[in-house]
There are 2 protein chains.
Amino acid sequence: MVDDAEKKLLADVGYRIRETRATQSLSLEQLARLTGISAPALSLIETGKRDPRLTTLKRIADALRVPPATLIADDSDTVEPSAPAPSGGYDLGEYQ
Amino acid sequence: MVDDAEKKLLADVGYRIRETRATQSLSLEQLARLTGISAPALSLIETGKRDPRLTTLKRIADALRVPPATLIADDSDTVEPSAPAPSGGYDLGEYQ
DNA sequence: GTCGAAATTACCGTTAAAGATAAATTTCCT
DNA sequence: AGGAAATTTATCTTTAACGGTAATTTCGAC
């Protein structure tokens with residue numbers, strides 16, 4: 001965690017988590033209980049100050065009921081163009 | 001890293017990394033040089049024995065020239081098939 | 001069967017993630 | 001403004017990621 005692009009990635013991912021949490025009106029405390037991750041740790045992740053492990057991201061994605069990949073998707077490329085909106089899916093949030 | 005689903009995630013992601021590396025005919029040593037991550041560490045990640053950090057995944061994805069999200073892409077389901085998500089939510093039940 | 005490249009495993013040391021707790025700060029509501 | 005809730009920040013401890021190195025192991029070619 002030193003690189004500049006890496007900081008941006010962490011900030012972006014954190015921002016997406018925060019937005020998703022906001023759309024569900026969850027507090028950090030509530031998300032902490034859902035994920036088993038402490039509220040201070042979640043705060044650090046959402047503000048891009050911590051480099052979370054893969055399983056940590058997954059626990060957050062699961063609690064927010066979004067595919068982990070959507071939290072990571074970098075602006076240059078979203079998930080497969082061949083796969084339109086997951087029909088079964090996560091309606092959650094009108095993310096452009 | 002204890003949960004069973006988490007182990008599967010790590011194994012899946014590792015497998016995708018290995019596959020991608022194989023299609024490019026790269027050795028662990030070569031990928032290690034490209035990423036700055038040691039070959040033993042890469043081996044552990046590819047075999048699902050290590051829980052990599054987000055920036056570690058990104059360095060691997062960058063070196064392999066694939067979007068990070070493709071390495072994570074779950075088989076579009078992390079949610080339990082038997083229990084359809086209650087429309088309003090995974091409510092915090094007693095917690096809220 | 002031997003040789004050598006590639007990969008796995010096993011140490012060790014450093015660094016950072018994560019939980020817990022408390023304190024400080026910000027935000028929101030009346 | 002005042003107060004409560006939410007968030008951030010600070011410490012401290014435990015655990016694990018990561019690099020380095022070396023020792024195995026695996027596997028294909030000869």
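Model, not experiment: these values are computed from the prediction.
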Peer 1: Checking A/Q24 against A/R65 for the side-chain contact (heavy atoms from CB on, under 4.5 Å) test, could you report, in this order, the C-alpha distance in whole Å, the side-chain angles of both residues, the deciding distance, and whether it holds?
Peer 2: CA-CA 10 Å; A/Q24 301 182 24; A/R65 307 190 317 278; 3.6 Å; yes
Peer 1: Return the value, rounded to whole Å, for the distance between atom CZ of A/R53 and atom P of D/dT15.
Peer 2: 12 Å
Peer 1: Could you check if a side-chain atom of B/L31 sits within less than 4.5 angstrom of a side-chain atom of B/I37, using non-hydrogen atoms only?
Peer 2: no
Peer 1: What's the angle between the local helix axes at either end of the helix from C/dG1-D/dC30 to C/dT30-D/dA1, using five pairs per end and rounding to 10 degrees?
Peer 2: 60°
Peer 1: Round to a whole Å and report the spacing from CG of B/L54 to P of C/dA16.
Peer 2: 16 Å
Peer 1: Respond yes when some side-chain nitrogen or oxygen of A/R33 is under 4.0 Å from OP1 or OP2 of C/dG19, and no when none is.
Peer 2: no
Peer 1: Is the shortest heavy-atom distance from the side chain of B/R21 to the side chain of B/E46 under 4.5 Å?
Peer 2: yes
Peer 1: Show, in sequence, the C-alpha distance, side-chain angles and deciding distance for B/T47 and B/L10, and conclude whether the side-chain contact (heavy atoms from CB on, under 4.5 Å) test is met.
Peer 2: CA-CA 8 Å; B/T47 53; B/L10 296 182; over 6 Å; no
Peer 1: To the nearest angstrom, how far is B/I37 atom CD1 from C/dA7 atom P?
Peer 2: 15 Å
Peer 1: Mark up nucleotides 4-11 of chain D, 5' to 3', with B wherever a protein heavy atom is under 4.0 angstrom from a base atom, S wherever such an atom reaches only the sugar-phosphate, and - elsewhere.
Peer 2: ---SSB--
Peer 1: Contact between B/L54 and A/I72 at the side-chain level, heavy atoms closer than 4.5 Å - yes or no?
Peer 2: yes
Peer 1: Once you round it to whole Å, what is the distance between P of D/dA17 and CD1 of B/I45?
Peer 2: 9 Å
Peer 1: Taking B/L64 as the fixed residue, which of B/T70, B/T20, B/T35 is the one that meets the side-chain contact (heavy atoms from CB on, under 4.5 Å) rule?
Peer 2: B/T20
Peer 1: Quiz question: going by heavy-atom distance under 3.5 Å, is there a donor-acceptor pair between the base of C/dA18 and the side chain of A/R50?
Peer 2: yes
Peer 1: Check whether any side-chain nitrogen or oxygen of A/T56 sits under 4.0 Å from OP1 or OP2 of C/dA18, and answer yes or no.
Peer 2: yes
Peer 1: Do B/L44 and B/I60 belong to the same hydrophobic cluster, where Ile, Leu, Val, Met, Phe, Trp and Tyr are linked whenever their side-chain heavy atoms lie under 4.5 Å apart, directly or via other members?
Peer 2: no
Peer 1: Please state how far atom NZ in A/K58 lies from atom P in C/dA18, giving the value in whole angstrom units.
Peer 2: 15 Å
Peer 1: May I have the distance from B/E6 (atom CD) to D/dA17 (atom C1'), rounded to whole angstrom?
Peer 2: 15 Å
Peer 1: Taking the side chain as every heavy atom from C-beta outward, state whether B/T56 and B/R53 have any pair of such atoms under 4.5 Å apart.
Peer 2: yes
Peer 1: Looking at A/D12 and A/K8, is there a salt bridge between them, counting it only when a charged N and a carboxylate O are closer than 4.0 Å?
Peer 2: yes
